[in-house]
Participant: 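Have a look at the structure that comes next, please.
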Amino acid sequence: MSRGEAPFWGDVARVFLLQDYNTRVVVLGAAALGLAAGVVGCFTLLRRRALMGDALSHATLPGIGLAFILVTLTGGDGKSLPWLLLGATLAGAAGLGVILLIRNLTRLKEDAALGVVLSVFFGLGVATLGVAQNMQAGHAAGLESFIYGKTASMTASDARLIAVAAGLSVAACAMLFKEFRLLCFDAAFARGQGRPTLLLDVLMMAVVVAVTVIGLQAVGLVLIIALLIIPAAAARFWTERLQWMTVISGAMGALSAALGAAISGVRPDTPSGPMIVIVAAALFALSMAFGAARGVAPRLLRQWRLARRIGRQHLLRAVFELSEGRTLTPGPSPEGRGERGTVLIDDLLAARSWSPGALRRQIARARRAGLVNPAGDGVRLTETGLIEAERLTRNHRLWEMYLITHADVAPSHVDRDADHVEHILGPALTAELERLMASDLPARVMPVSPHVLNEGSRA
């Protein structure tokens with residue numbers, strides 16, 4: 001299919017079904033790169049070294065130019081990919097060494113070291129490429145593709161080299177998974193345990209250099225940072241566990257690289273490297289919106305559900321306390337559950353800062369849940385609602401008693417502090433509160449509201 005020509009469905013099927021040999025080479029080679037970059041990127045992201053890959057990718061450029069010059073002067077093929085990648089690897093390792101020297105031997109912080117290496121090495125790379133292109137021999141045209149990437153020119157030997165290097169990088173991350181995880185989350189603890197944190201740091205950055213070098217052919221040194229950061233950042237929205245994060249990130253990296261290369265195959269006028277990054281960005285946007293662990297939509301849904309639950313609990317406790325004040329004498333009551341009287345809507349509005357509309361909605365939801373029944377101008381707790389309201393009120397007052405007794409919170413302010421915690425008191429925390437307050441409260445007895453006791457003491 002020629003450039004600018006609209007693709008037919010047959011072309012799309014042929015590319016995405018990998019029917020052509022060249023398509024299989026390019027797509028599978030790009031997928032291997034994306035897999036390795038996604039796995040390695042998880043550790044650099046959690047280690048807060050996301051831009052380390054950017055600096056190291058730029059540091060590889062002078063190695064490419066010098067490798068071309070030296071191999072050409074010795075009579076070899078200066079554009080041989082293994083030699084170019086070897087030069088890029090050595091230059092990237094030199095850049096890593098300079099970053100570590102600046103960080104450890106000076107008072108400059110790591111971001112300054114990254115900036116120095118990125119700018120200086122990239123400047124050296126542009127200079128060496130200029131020298132290479134002015135050489136009479138070697139035909140340096142095309143070396144600039146390492147800056148922006150040229151996936152479509154990948155050969156079978158290139159793809160095999162990328163697959164081997166990617167496999168070794170993933171294997172290294174798997175073997176050092178526990179050490180890398182400890183280094184990412186608590187380097188000080190790892191150092192205290194006698195782990196060689198500096199060596200582990202160097203090994204992690206060495207893997208980053210390896211992935212960066214093999215990614216030069218596919219997306220170029222400018223865009224390789226996207227494959228190291230975007231899949232890992234997208235995976236963070238789906239899980240809180242590092243094991244699953246690495247799996248998801250690797251899958252997203254492989255998928256974005258394969259889809260980007262395939263789309264570029266369908267439309268030859270779309271370069272592969274930018275297309276890979278665009279697909280990765282689309283996956284990131286979907287993850288940010290719908291990721292199960294940290295996505296925007298699930299978080300808003302959880303907040304909405306929590307707000308409804310809190311509103312229902314406030315309503316039940318308000319109805320219980322108002323009916324308790326009318327039908328029961330103040331003080332602990334060993335009696336069983338009795339019939340609660342009707343609580344007027346006006347009293348509920350005065351008890352909390354509800355608007356009339358908000359209160360009507362809360363009552364309607366509680367009625368649908370079988371917790372309250374309307375009764376004239378008020379509401380009455382059902383048997384199920386009474387059980388739930390007693391539990392909520394007891395937990396609230398247990399927490400109030402704990403704050404007054406052990407945290408020296410004034411009784412006049414304790415209700416506000418207790419409101420922030422009572423909605424997350426589970427059975428274990430409630431049992432612990434009962435154990436702590438056992439000397440002041442008989443088992444299974446409703447505590448007296450500290451506000452009632454406070455008013456009585458003032459009287």
Side-chain angles (χ1 to χ4, degrees), residues 29 33 36-37 40 51-103 105 112-151 153-155 157-162 164-166 168-169 202-225 227-228 273:
L33 169 66
V40 174
L51 293 180
M52 178 72 79
D54 196 18
L56 295 179
S57 65
H58 285 75
T60 60
L61 189 58
I64 294 172
L66 288 174
F68 175 85
I69 293 171
L70 293 176
V71 173
T72 301
L73 291 177
T74 56
D77 181 10
K79 297 178 71 174
S80 173
L81 185 61
W83 286 113
L84 294 177
L85 293 185
L86 176 60
T89 303
L90 296 177
L96 174 60
V98 172
I99 291 172
L100 294 175
L101 286 175
I102 294 175
R103 189 188 69 182
L105 300 182
L114 293 176
V116 169
V117 169
L118 187 151
S119 56
V120 172
F121 275 70
F122 187 69
L124 288 173
V126 173
T128 55
L129 287 185
V131 172
Q133 289 173 350
N134 290 324
M135 293 176 62
Q136 297 297 323
H139 304 289
L143 285 181
E144 67 277 0
S145 65
F146 284 95
I147 299 178
Y148 303 107
K150 195 175 180 181
T151 311
S153 65
M154 190 184 302
T155 64
S157 59
D158 298 339
R160 283 194 294 269
L161 181 61
I162 290 174
V164 170
L168 292 176
S169 300
V202 171
L203 289 175
M204 184 184 295
M205 291 305 103
V207 177
V208 174
V209 171
V211 172
T212 300
V213 168
I214 63 174
L216 295 177
Q217 176 77 356
V219 295
L221 60 87
V222 174
L223 297 178
I224 184 61
I225 186 63
L227 278 180
L228 285 169

Participant: Could you report the tightest heavy-atom contact between T128 and P62, atom names first, then the distance?
Facilitator: OG1-CA, 3.7 Å
Participant: What closest approach, in Å, do L227 and A37 show between heavy atoms, and which atom pair accounts for it?
Facilitator: O-CB, 3.5 Å
Participant: So among L33, V209, V208, V207, which one has a side chain to side chain contact (heavy atoms under 4.5 Å, CB included) with S169?
Facilitator: V207
Participant: Got L66 and L124 here, is their nearest side-chain heavy-atom distance under 4.5 Å?
Facilitator: no
Participant: Nearest 0.5 Å please: distance from the OG1 atom of T72 over to the CD1 atom of I69.
Facilitator: 8.0 Å
Participant: Identify the two heavy atoms, one from L114 and one from I99, that lie closest to each other, and give their separation to 0.1 Å.
Facilitator: CD2-CD1, 3.6 Å
Participant: Is F121 close to L61 at the side-chain level, that is, under 4.5 Å between some pair of heavy atoms?
Facilitator: no
Participant: How far does CD1 of I64 sit from CG of L90, to the nearest 0.5 angstrom?
Facilitator: 12.0 Å
Participant: So how far is it from I225 CD1 to T212 OG1, rounded to the nearest 0.5 Å?
Facilitator: 7.5 Å
Participant: If I compare all heavy atoms of A36 with all of A166, which pair ends up nearest, and what's the gap?
Facilitator: CB-CB, 3.6 Å
Participant: Do you know which of L96, L56, V98 makes side chain to side chain contact (heavy atoms under 4.5 Å, CB included) with V117?
Facilitator: V98
